[in-house]
Trainee: 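Sharing a structure, written as structure tokens. Questions coming.
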Amino acid sequence: LKTAALEAVQQTNDEKELQQIRVNYLGKKGELTGILRGMGKLSAEERPVIGELANVVREEITAALDEKKAVLEEKALEIQLQTEKIDISLPGYPVKRGGAHLLTQIVEEIEDLFVGMGYEIKEGPEVETDYFNFEALNLPKNHPARDMQDTFYLTNELLMRTHTSPMQARTMQKSDKNQPVKMICPGKVYRRDTDDATHSHQFTQIEGLYVDRDVKMSDLKGTLDAFAKAMFGKDRKIRLRPSFFPFTEPSVEMDISCKVCGGTGCRVCKGTGWIEILGAGMVHPNVLRMAGYDPEEFTGFAFGMGPERIAMLKYGVDDIRHFYTNDTRFLNQYHKA
Ligand code: PHE
């Protein structure tokens, strides 16, 4: 039996077959096991002799099996290593890098400019109350100027903010009245407009607010001029036109001069040489009062600009929808290396 078993182990070159041999000899129904089971029938003198012999045989077969198993495993590993070689000299797949959306880049650039002038960045809710979006900005219910901004109402009191100006009221209301307020607030705003090349039902704004003792209109003009030159180049001019907003008095709109346009014509400036990029003015005394300031003691200026307009002007983008249709052929042009 021992010779037969060792021979079988020697002959095989297959791990499964080896396992089968193990079962055949040493398994529960194996041949050697059978012999050990039959020991009970032996005489008392024979038992230890046969028992010891059987044990020795079992050990020998086990050792042979284990040795063969190790040899076979090593061979299998060698074959695997041969066949699964990785060629590390092959070029890899290019890693695609994403990039910030053009609007995000513009907003960050504007943030940097104003942070450099001492402004703090704040963010406010897109779902706003009627109070902060209108009332606190000197637009009482039924005020005709509410029509200037067609509103998505959610309930009687809640709406999608139509501008970032509610953050003027929120910031002033919360502020320490002994400290100047200097903040800008970027964010999304919503209006019930039909989308076309210049309108979008959702777009972005950046609000600016400066409140202190003795803030003047000339401070506003100087700040906006510094901003325009930093953003577009020293050769640009700004132009303030009288305008109306219920929350500022006086109110202005600011245009910025376009660069001389090339052959196809400057669609962004529509041939006038100027493009409007923001509304601004001195904070209305009623707005100051509602937020807890004495308008006899404090004054301020506020402005609200459209990053889309600014991006359109800066890069010659001719359709606001490009910002929102996620065409990567458009967006990828502006990814920085
Ligand atoms: N909120 C105004 C708008 O959306 C812009 C503005 C902001 C005007 C601040 C004056 C002061 O058109």
Side-chain angles (χ1 to χ4, degrees), residues 107 109-124 131-140 143 145 148 161 163-187 205-232 234 236-257 276-307 310:
V107 170
E109 203 177 322
I110 297 170
E111 284 176 356
D112 280 351
L113 287 174
F114 280 97
V115 166
M117 293 192 261
Y119 287 73
E120 215 184 320
I121 299 167
K122 297 219 178 230
E123 276 180 44
Y131 177 77
F132 281 116
N133 198 81
F134 291 126
E135 300 245 8
L137 296 173
N138 202 30
L139 271 126
H143 191 290
M148 285 165 75
R161 69 177 172 194
H163 50 182
T164 44
S165 300
M167 277 304 282
Q168 288 185 36
R170 282 181 180 275
T171 306
M172 280 189 276
Q173 199 181 65
K174 273 207 210 131
S175 70
D176 175 351
K177 304 296 184 277
N178 293 311
Q179 297 287 328
V181 169
K182 257 185 151 179
M183 72 93 185
I184 61 165
C185 166
Q205 282 193 337
I206 298 181
E207 197 76 10
L209 176 71
Y210 176 27
V211 180
D212 201 351
R213 295 182 175 84
D214 213 24
V215 178
K216 299 190 209 65
M217 187 87 181
S218 52
D219 297 319
L220 172 62
K221 192 174 177 189
T223 302
L224 294 179
D225 192 49
F227 158 72
K229 289 192 161 63
M231 196 72 197
F232 300 102
K234 290 210 179 344
R236 297 303 183 103
K237 292 194 192 93
I238 64 162
R239 173 171 93 170
L240 299 182
R241 285 177 290 104
S243 184
F244 172 79
F245 300 101
F247 34 92
T248 47
E249 181 58 37
S251 302
V252 293
E253 278 174 312
M254 181 177 105
D255 296 340
I256 180 159
S257 64
E276 181 199 324
I277 59 164
L278 61 81
M282 301 306 291
V283 180
H284 196 287
N286 288 351
V287 174
L288 286 167
R289 210 174 286 121
M290 278 185 274
Y293 283 92
D294 177 0
E296 296 295 327
E297 196 183 346
F298 290 91
T299 51
F301 67 67
F303 56 83
M305 63 176 91
I310 290 166

Trainee: Between atom OG1 of Thr299 and atom CG of Leu220, what is the distance when rounded to the nearest 0.5 Å?
Mentor: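 These two atoms lie 11.5 Å from each other.
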Trainee: Holding to side-chain hydrogen bond (donor to acceptor under 3.5 Å, both in side chains), I want the full list of residues that pass it with Asn286, two or more places apart in sequence or in another chain.
Mentor: Asn138, Arg289
Trainee: To the nearest 0.5 angstrom, please state how far the OH atom of Tyr210 sits from the OG1 atom of Thr223.
Mentor: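 OG1 of Thr223 is found 8.0 Å from OH of Tyr210.
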Trainee: State which residues pass side-chain hydrogen bond (donor to acceptor under 3.5 Å, both in side chains) with Tyr293; sequence neighbours excluded, sorted by chain then number.
Mentor: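 Scan of Tyr293 (side-chain hydrogen bond (donor to acceptor under 3.5 Å, both in side chains), adjacent residues dropped) gives Ser175.
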Trainee: What pairs with Glu135 under side-chain contact (heavy atoms from CB on, under 4.5 Å), at least two apart in sequence or on another chain?
Mentor: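 Scan of Glu135 (side-chain contact (heavy atoms from CB on, under 4.5 Å), adjacent residues dropped) gives Asp130, Tyr131, Lys141, Arg146.
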Trainee: Determine yes or no for a side-chain-to-main-chain donor-acceptor pair under 3.5 angstrom, with Ser257 supplying the side chain and Arg236 the backbone.
Mentor: no
Trainee: Which residues satisfy the salt bridge (Lys or Arg N to Asp or Glu O under 4.0 Å) test with Glu297, sequence neighbours excluded?
Mentor: Arg213
Trainee: Show your working on side-chain contact (heavy atoms from CB on, under 4.5 Å) between Phe303 and Met254 and close with a plain yes or no.
Mentor: CA-CA 10 Å; Phe303 56 83; Met254 181 177 105; over 6 Å; no
Trainee: Only counting residues at least two apart or in another chain, list the ones meeting salt bridge (Lys or Arg N to Asp or Glu O under 4.0 Å) with Lys221.
Mentor: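 If we apply the salt bridge (Lys or Arg N to Asp or Glu O under 4.0 Å) test to Lys221, skipping adjacent residues, there are no hits.
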Trainee: Between atom CD1 of Ile121 and atom CD1 of Ile206, what is the distance when rounded to the nearest 0.5 Å?
Mentor: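 Answer rounded to 0.5 Å: 9.0 Å.
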Trainee: Arg241: what forms a salt bridge (Lys or Arg N to Asp or Glu O under 4.0 Å) with it, not counting sequence neighbours?
Mentor: Glu253, Asp255, Glu276
Trainee: Checking side-chain contact (heavy atoms from CB on, under 4.5 Å) for the pair Met231/Ile256: CA distance, chi angles, key distance, verdict?
Mentor: CA-CA 11 Å; Met231 196 72 197; Ile256 180 159; over 6 Å; no
Trainee: Identify the heavy atoms of Val107 and Pro186 that sit nearest to each other, and give their distance.
Mentor: CG1-CB, 3.7 Å
Trainee: Provide the closest heavy-atom pair for Ala136 versus Ala169 in the form atom of the first, atom of the second, distance.
Mentor: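 Minimum heavy-atom contact is CB-CB, 3.8 Å.
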Trainee: Under the side-chain contact (heavy atoms from CB on, under 4.5 Å) test, which residues partner Lys229, sequence neighbours left out?
Mentor: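 Here the qualifying residues are Asp225.
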Trainee: Go through Asn133 and Arg161 one step at a time and tell me if the side-chain contact (heavy atoms from CB on, under 4.5 Å) criterion holds.
Mentor: CA-CA 6 Å; Asn133 198 81; Arg161 69 177 172 194; 3.5 Å; yes
Trainee: So that I know where these two stand, are His163 and Phe247 an aromatic pair - ring centroids less than 6.0 Å apart?
Mentor: yes
Trainee: Only counting residues at least two apart or in another chain, list the ones meeting salt bridge (Lys or Arg N to Asp or Glu O under 4.0 Å) with Asp214.
Mentor: Lys216
Trainee: Please name all residues satisfying side-chain hydrogen bond (donor to acceptor under 3.5 Å, both in side chains) with Glu109, sequence neighbours left out, ordered by chain then number.
Mentor: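 Here the qualifying residues are Lys314.
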Trainee: Taking the side chain as every heavy atom from C-beta outward, state whether Glu207 and Thr171 have any atom pair closer than 4.5 Å.
Mentor: no
Trainee: Under 3.5 Å, which donor-acceptor pairs do the side chains of residues 111-120 form with other protein atoms, sequence neighbours left out?
Mentor:
none

Trainee: Please, which pairs that meet salt bridge (charged side-chain N to carboxylate O under 4.0 Å, His left out) have at least one residue in residues 167-185, sequence neighbours excluded?
Mentor: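 Found Glu128-Arg170.
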Trainee: Kindly write out the residues that satisfy side-chain hydrogen bond (donor to acceptor under 3.5 Å, both in side chains) with Thr248, not counting sequence neighbours, or none if the list is empty.
Mentor: Ser251
Trainee: State, yes or no, whether a side-chain contact exists between Ile310 and Phe227 at a heavy-atom distance under 4.5 Å.
Mentor: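 They are in side-chain contact.
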Trainee: Does Met217 reach the side chain of Val252, with side-chain heavy atoms less than 4.5 Å apart?
Mentor: yes
